[in-house]
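Right, one structure below, let's go through it.
Here the structure is a predicted model, which is why all the values come from computation and not from measurement. These numbers come from the heavy atoms of this one structure, side chains and all, not from hydrogens, waters or symmetry mates.
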Amino acid sequence: MMLMPLFLCLQLSGQNRKDTIVSLGEVVIDAYSRRNVQMRSPQNVVQIGESLLKENFAGSLMQSLEKIPGIRAMHIGSGQSKPVIRGLGFNRMLVAENGVKHEGQQWGEDHGLEIDQFALDNIEIIKGPGALLYGSDAIAGVINLKSSYVSQKALEGEINLFGRTNNESAGVSVHLGGKRNGFWYKVNFTHIDYADYQVPADSIQYYSYYIKLKNKRLRNTAGKERNGGVHFGFISDKWFATFYLSDVYAKSGFFADAHGLEVRLSEIDYDRSVRDIDLPYHSVNHFKATGHISYRLDRLTLDSDFAWQNNYRQEYSEPVSHGYMPVPPDALERRFNKDTYTANIAAKFTFAARHGMHAGFNFEHQDNRRSGWGFIIPDFRTHSLGAFVYDRWYLSDKLTVSGGVRLDRIQTETDEYKDWYATPGENGAAVYRERSAALLRTFRCMTWSVGLNYNPEEWSFKANIGKSFRTPIPKELASDGVNYHIFRYEKGNAGLSPEESYQLDAGVSWYGERINIQIEPYLNYFPNFIYLNPTAGYNEGLQMYYYTQSEVFRWGFEFGVNYKIIKQIELSLIGDYLYARQLSGDKKGYTLPFSPPAGANVEIKYLPQTRWTGMDGYISLGFRAVSAQNEIVPPENATPGYQLLNAACGRSFAVGATGLKVNFQAHNLLNRRYYDHTGFYRLIDVPEAGRNFSIMTVFNF
């Protein structure tokens with residue numbers, strides 16, 4: 001009997017929801033089950049259960065997952081964050097919800113995921129290339145969010161109440177579900193409201209501007225979120241059908257002093273209230289309708305997924321003239337309305353007890369339409385079609401080999417766009433400048449993967465080598481405008497080629513009676529990495545950046561050690577390291593922008609197991625250390641290292657036939673001033689949030 005490491009806690013999707021009030025801090029499985037988990041994939045796969053998510057609730061979904069080695073969150077204020085896997089984010093890693101690729105405005109640096117984290121039952125994270133099964137954008141890995149729990153009762157429910165002190169956040173999430181005669185349903189609703197968040201600083205300085213903070217708060221970073229969903233379906237011995245309708249709405253302010261510094265001239269009283277949302281702000285509404293149908297017959301399983309998503313995002317700011325642009329007629333700076341249609345068809349066939357094949361194809365169509373007086377990207381459409389085959393051989397109980405190949409064809413079409421205002425031309429005549437020309441590009445890519453799993457007794461070895469790809473997105477091909485959020489002028493490159501990545505992933509694990517050790521090294525080579533390169537030129541008063549490609553080499557590793565000192569005390573150490581270097585281009589010899597520094601987390605956990613604390617009660621103390629990041633790409637600035645002290649405790653209670661669980665967390669107990677190198681506001685000298693206490697109360701009935 002072995003104790004799994006903290007960062008590999010598992011939750012079985014078929015578990016009764018009432019049982020989830022038991023802590024997953026100590027998940028014990030036998031050797032046979034452990035071997036099955038390790039042999040399931042040659043890649044490094046992490047499973048996170050619902051209980052672990054709630055124990056580590058930290059505001060946004062990605063902030064809740066930052067304890068996993070190799071996973072970082074690009075913080076955007078207090079209520080949002082973007083995922084980063086092994087230093088790669090945006091369109092280099094893929095987020096899927098219930099098997100369907102989530103399509104929002106991933107290219108933007110200033111907003112997070114439009115997903116209700118409280119509607120999730122478990123999460124699967126694939127660290128390493130996932131293009132073989134998912135296609136473009138899965139170079140760094142895949143975060144697969146699942147809502148697969150099916151109630152076995154006629155009616156059951158859950159109420160989550162939560163709050164955070166730093167931004168005075170308060171929220172509630174309600175879930176109801178049931179099953180009868182094979183038919184089942186789930187309904188969820190979430191509401192969150194938060195105020196301007198606090199940092200351990202009285203002021204910040206950007207360029208030559210000194211910005212005073214009132215009560216150490218970042219003015220106009222308040223927000224709110226309202227989410228709802230309906231999930232229903234049918235299950236039998238051969239059929240499983242599920243349909244999901246969800247709507248996620250969020251509205252939040254941009255830090256007023258970070259959006260063009262117009263706050264110095266603005267008539268808005270930003271300090272009037274810590275909870276109001278003034279200009280500039282953005283709102284996003286993401287509607288999703290998905291369907292999944294699965295049919296199983298002996299050795300054959302057929303799966304199909306169909307989805308329609310609509311992402312409606314708006315940005316508002318004070319109408320102020322820029323360059324030759326006159327004062328705009330209204331506050332609508334940008335609007336993006338994106339429709340995405342997805343179809344996935346796959347078949348799994350078991351030829352014999354030790355041989356299985358997985359094949360299928362994926363189709364996706366995107367249509368994104370823009371409006372507003374600010375321009376960054378034109379209207380665009382993309383059409384994607386891919387097919388794959390993946391085979392796995394179980395040569396013995398200890399040895400598995402696998403491999404596959406995939407073909408993709410992706411077409412991107414952008415429209416012409418001209419300024420709505422006139423600009424003086426070469427002869428002084430007024431012209432309407434063309435920002436984007438009509439463009440039609442077709443990309444064809446082949447990817448492959450070969451892997452091995454070997455599990456002798458307490459040891460586990462795995463390795464995977466493969467090629468993945470990413471086609472240039474419309475912003476990289478056709479952008480031509482000011483990005484006011486980070487004060488730069490961005491110019492696309494219509495001649496970019498598909499980004500290719502060759503990667504070797506490995507994993508070595510050892511499970512002893514009291515100690516578990518795991519290390520996951522990887523090598524990554526890009527012949528043509530796409531990045532935004534700064535220049536010495538200026539346009540409309542801002543520094544010019546343009547998209548280009550270079551040869552890049554990366555390597556790194558994650559590690560974890562879990563030691564059971566005595567039955568009630570556990571000690572864990574996890575960490576990660578990344579090295580990246582550009583081998584060609586203007587920035588030859590430099591690393592990549594936003595490359596995260598090395599970091600490690602030590603945690604000691606006490607499990608009293610008394611009648612006062614309950615069998616799942618725990619108290620933990622964690623120490624987070626992150627090294628300085630001096631490997632930068634000019635004009636990026638170096639970031640000093642930092643250390644944080646965190647704590648948590650919790651337990652569950654039985655109240656008649658119902659259950660109650662309380663989790664309490666304290667982050668940055670010493671209220672340290674520090675900068676996260678992957679943080680969005682670091683660029684303008686804004687430190688990360690200060691001391692924060694959070695509480696999560698879960699009531700099951």
Side-chain angles (χ1 to χ4, degrees), residues 13 39-43 45 93-103 124-126 128-139 141-148 233 235 238-244 288-309 340-352 354-366 382-394 400-411 443-451 464 466-471 498:
S13 60
M39 295 183 70
R40 188 183 63 173
S41 171
Q43 293 179 293
V45 179
M93 53 80 54
L94 186 146
V95 176
E97 187 175 17
N98 297 316
V100 173
K101 180 182 176 183
H102 180 76
E103 279 292 352
E124 179 184 74
I125 299 177
I126 301 173
L132 183 66
L133 299 181
Y134 292 91
S136 180
D137 296 1
I139 283 181
V142 178
I143 298 178
N144 198 0
L145 312 173
K146 301 180 181 180
S147 304
S148 55
I235 186 171
K238 295 183 177 181
W239 288 94
F240 179 77
T242 175
F243 303 92
Y244 186 39
K288 185 180 296 185
T290 65
H292 171 80
I293 301 176
S294 180
Y295 176 71
R296 177 174 296 179
L297 179 63
D298 298 327
R299 298 179 178 179
L300 176 67
T301 300
L302 299 175
D303 292 292
S304 62
D305 293 286
F306 303 93
W308 168 56
Q309 303 175 64
T340 303
Y341 305 88
T342 305
N344 301 326
I345 306 293
K348 298 177 182 178
F349 187 78
T350 304
F351 293 99
R354 297 182 179 272
H355 184 202
M357 179 175 288
H358 184 194
F361 72 89
N362 315 104
F363 167 80
E364 183 182 89
H365 171 76
Q366 298 180 27
T382 64
H383 321 275
S384 306
L385 183 64
F388 69 90
V389 59
Y390 182 74
D391 212 347
R392 180 178 297 164
W393 296 270
Y394 296 88
T400 304
V401 295
S402 56
V405 64
R406 179 186 180 96
L407 297 174
D408 283 272
R409 180 184 184 275
I410 300 176
Q411 187 177 82
F443 307 98
R444 294 177 177 85
C445 303
M446 185 185 76
T447 54
W448 52 269
S449 177
V450 179
N464 187 79
K467 174 191 174 185
S468 54
F469 78 102
R470 182 182 71 87
T471 58

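- Side-chain atoms of Gln43 come within 3.5 Å of backbone atoms of Pro129 as a donor-acceptor pair (strictly under, hydrogens ignored).
- Remark: side-chain polar atoms of His358 are not paired, donor with acceptor, to backbone N or O of Phe349 under 3.5 angstrom.
- Annotation for Thr290 and Ala307: closest pair CG2-CB, 3.6 Å, computed over non-hydrogen atoms.
- For Phe363 and Phe361, the gap between ring centers reaches or exceeds 6.0 Å.
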- Determine, step by step, whether Phe443 and Arg409 satisfy the side-chain contact (heavy atoms from CB on, under 4.5 Å) criterion, reporting the C-alpha distance in whole Å, the side-chain angles of both residues, the deciding distance to 0.1 Å, and the verdict. CA-CA 6 Å; Phe443 307 98; Arg409 180 184 184 275; over 6 Å; no
- Begin from the C-alpha positions of Ile125 and Asn144 and carry the test side-chain contact (heavy atoms from CB on, under 4.5 Å) through to its verdict. CA-CA 6 Å; Ile125 299 177; Asn144 198 0; over 6 Å; no
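- With hydrogens and angles disregarded, no donor-acceptor distance shorter than 3.5 Å links the side chain of Thr471 to the backbone of Pro498.
- Proximity of a side-chain donor or acceptor of Lys146 to a complementary backbone N or O of Glu124 within less than 3.5 Å is not detected.
- In this structure, CG on Leu385 lies 11.5 Å from CD on Glu364, to the nearest 0.5 angstrom.
- In this structure, Arg392 CZ and Lys348 NZ are separated by 9.0 Å, a value rounded to the nearest 0.5 Å.
- From Thr340, atom OG1 reaches atom NZ of Lys288 across 9.5 Å, with rounding to the nearest 0.5 Å.
- Residues Arg470 and Asp137 come closest through the heavy atom pair CG-OD1, 3.4 Å.
- Here the side chains of Lys101 and Thr342 are not in contact, with every heavy-atom distance at 4.5 Å or above.
- Without hydrogens or angle criteria, Arg406 side chain to Phe388 main chain gives no donor-acceptor distance under 3.5 Å.
- Using a 3.5 Å distance cut-off with no hydrogens or angles, the side chains of Asp408 and Ser136 do not pair a donor with an acceptor.
- Note that OH of Tyr394 is 10.5 Å distant from NE2 of His355, once rounded to the nearest 0.5 Å.
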- Test His292 against Asn98 for side-chain contact (heavy atoms from CB on, under 4.5 Å), laying out the working first. CA-CA 9 Å; His292 171 80; Asn98 297 316; over 6 Å; no
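- Here the OG-CH2 distance, from Ser468 to Trp448, works out to 10.0 Å after rounding to the nearest 0.5 Å.
- Taking every heavy atom of both residues into account, Asn464 and Ser449 meet most closely at OD1-OG, 3.0 Å.
- Side-chain atoms of Tyr390 and Ser402 form a donor-acceptor pair, as typed in the model, at a separation below 3.5 Å.
- Listed here is the closest heavy atom pair of Leu132 and Gly404: CD1-C, 3.6 Å.
- In this structure the side chain of Val100 never reaches within 4.5 angstrom of the side chain of Tyr244, judged on heavy atoms.
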- Determine, step by step, whether Asp298 and Leu300 satisfy the side-chain contact (heavy atoms from CB on, under 4.5 Å) criterion, reporting the C-alpha distance in whole Å, the side-chain angles of both residues, the deciding distance to 0.1 Å, and the verdict. CA-CA 6 Å; Asp298 298 327; Leu300 176 67; over 6 Å; no
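- The two residues Phe243 and Gly291 come nearest to each other via the heavy atoms CD2-CA, 3.8 Å.
- A donor-acceptor pair under 3.5 Å is formed between the side chain of Gln309 and the backbone N or O of Glu103.
- Looking at every heavy atom in both residues, Cys445 comes nearest to Phe469 through SG-CD1, 3.3 Å.
- Taking CD1 of Ile235 as the start and OG1 of Thr242 as the end, the distance is 10.0 Å to the nearest 0.5 Å.
- Trp239 is listed as a side-chain neighbour of Ile293, based on a closest heavy-atom distance under 4.5 Å.
- Aromatic ring pairs are classed by plane angle as parallel below 30°, tilted from 30° to 60° and perpendicular above 60°; the pair His365 and His383 is parallel.
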